[in-house]
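Given the structure is predicted, the values throughout are model-derived calculations rather than measurements. Just so you know, these numbers use all the heavy atoms, side chains as well, and skip hydrogens, waters and symmetry mates. Residues: numbered from 1 along the sequence shown.
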Amino acid sequence: MQTRILGVVSLLCLTFTVIWLVFLITETAAAGPLETFDQVLAHTARLGTAFYLTYLNAALVTVCAITLFALLYLSYKPAAPGWSAVGAVFIPIYGVMNLAVYFSQITVVPRLLELHAGPEFQAQSEFLLRQVIQQWPGSTIWVVNNLAYAVLGVPSIIFGILMLQSSSKLRLAGVLLSLNGAACIAGFAGIIMRSAWLSHGSLIGGVFFLLALAPMSLVFLQKSSPGS
């Protein structure tokens with residue numbers, strides 16, 4: 001039963017992650033150049049339906065990821081209790097940080113944009129918007145978002161390695177999940193070191209995570225089917 005739930009959650013996570021990728025590509029293409037804060041601010045200020053759907057979907061991806069890693073902890077706890085426990089410690093930290101980031105975009109950002117539209121609080125609200133708009137590289141929220149993925153990188157590497165040892169059918173997923181974790185940690189290291197190319201690690205990690213979910217969904221659902 002637990003294996004089937006793990007397969008279903010993997011499939012849900014895969015679905016929501018694909019939707020996230022579609023939103024990302026579509027929004028990036030429609031937004032045009034986003035090289036300056038004024039361009040990012042103008043794009044964000046539109047607050048269209050796609051803006052809210054993007055962050056609501058991102059929150060769903062986060063919830064699915066939390067559930068997925070919690071189930072991985074339960075699955076690998078009997079065979080590797082120590083390492084599974086280490087991985088489990090990081091899961092709620094990632095969840096709290098990432099959900100705070102995404103919900104701030106649909107609650108705090110619209111309110112600050114309202115204040116920015118008037119002359120009285122324009123300067124103060126612009127300073128705060130520079131800190132809370134997730135699409136603006138260097139904002140506090142952007143850093144927290146990348147840190148959250150780096151935090152999840154630890155259990156990604158741990159459970160990815162455990163997959164390599166548990167089943168030959170899960171080896172590909174284990175490699176991809178470990179690469180996701182390494183890329184996300186490297187991405188946050190790039191932010192600290194001010195390396196432009198390395199700071200894209202979280203985005204690259206997201207692609208590895210998406211690729212890992214496909215074999216995970218297939219293997220776990222096959223294991224739970226009758227006669228498997």
Looking at [Y], is its backbone amide N or carbonyl O close enough to the side chain of [X] to form a donor-acceptor pair, meaning the two atoms are under 3.5 Å apart?
X: Ser84; Y: Tyr76; result: yes
X: Ser104; Y: Val101; result: yes
X: Ser217; Y: Leu11; result: yes
X: Asn57; Y: Phe16; result: yes
X: Gln39; Y: Glu35; result: yes
X: Gln122; Y: His116; result: yes

Does [X] share a hydrophobic cluster with [Y], counting links as ILVMFWY side-chain heavy atoms below 4.5 Å and allowing steps through other members?
X: Val96; Y: Val151; result: no
X: Phe208; Y: Trp197; result: no
X: Met163; Y: Phe90; result: yes
X: Leu34; Y: Leu41; result: yes
X: Ile204; Y: Tyr149; result: no

[Y] and [X], any side-chain heavy atoms less than 4.5 Å apart:
X: Ile106; Y: Phe103; result: yes
X: Gln134; Y: Val109; result: no
X: Phe209; Y: Cys13; result: yes
X: Thr17; Y: Trp20; result: yes
X: Leu99; Y: Val63; result: yes
X: Leu152; Y: Cys184; result: no
X: Gln105; Y: Thr44; result: no
X: Asn180; Y: Leu177; result: yes

Query raised in the report: Step by step, would you call Leu115 with Leu128 a side chain to side chain contact (heavy atoms under 4.5 Å, CB included)?
Result: CA-CA 11 Å; Leu115 294 174; Leu128 292 173; over 6 Å; no
**Report entry** Among Leu14, Ile66, Leu213, Leu71, side-chain contact (heavy atoms from CB on, under 4.5 Å) partner for Val9
**Finding:**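 Of Leu14, Ile66, Leu213, Leu71, side-chain contact (heavy atoms from CB on, under 4.5 Å) with Val9 is met by Leu71 alone.
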Nearest 0.5 Å please: distance from the [atom1] atom of [X] over to the [atom2] atom of [Y].
X: Leu56; Y: Ile19; atom1: CG; atom2: CD1; answer: 12.0 Å
X: Met216; Y: Leu221; atom1: CE; atom2: CG; answer: 11.0 Å
X: Thr67; Y: Leu6; atom1: OG1; atom2: CG; answer: 10.5 Å
X: Leu179; Y: Ile157; atom1: CG; atom2: CD1; answer: 9.0 Å
X: Leu12; Y: Cys64; atom1: CG; atom2: SG; answer: 5.0 Å
X: Glu126; Y: Leu113; atom1: CD; atom2: CG; answer: 11.0 Å

Query - Worked verdict on Trp83 versus Phe159 for side chain to side chain contact (heavy atoms under 4.5 Å, CB included) - result: CA-CA 8 Å; Trp83 283 113; Phe159 293 120; over 6 Å; no
Compare every heavy atom of [Y] with every heavy atom of [X], then report the nearest pair and how far apart it is.
X: Leu176; Y: Ala212; answer: CB-CB, 3.6 Å
X: Leu68; Y: Ser10; answer: CD1-OG, 3.3 Å
X: Ala148; Y: Tyr94; answer: O-CD1, 3.3 Å
X: Val132; Y: Ser139; answer: N-CB, 4.4 Å

Report task. Is it possible for you to check whether Arg130 lies under 6.0 Å from the centre of the six-membered ring of Phe37, through NZ or CZ, and within 45° of that ring's axis? Result -> yes
Query raised in the report: How about Tyr73 and Phe69: are their ring centres within less than 6.0 Å of each other?
Result: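 No, the ring of Tyr73 stays outside the 6.0 Å limit from the ring of Phe69, centre to centre.
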Query - side chain to side chain contact (heavy atoms under 4.5 Å, CB included) between Ile141 and Trp136, intermediate numbers included - result: CA-CA 9 Å; Ile141 285 293; Trp136 176 237; over 6 Å; no
Report task. Walk me through it: do Ile133 and Trp142 pass the test side chain to side chain contact (heavy atoms under 4.5 Å, CB included)? Result -> CA-CA 7 Å; Ile133 292 180; Trp142 178 78; over 6 Å; no
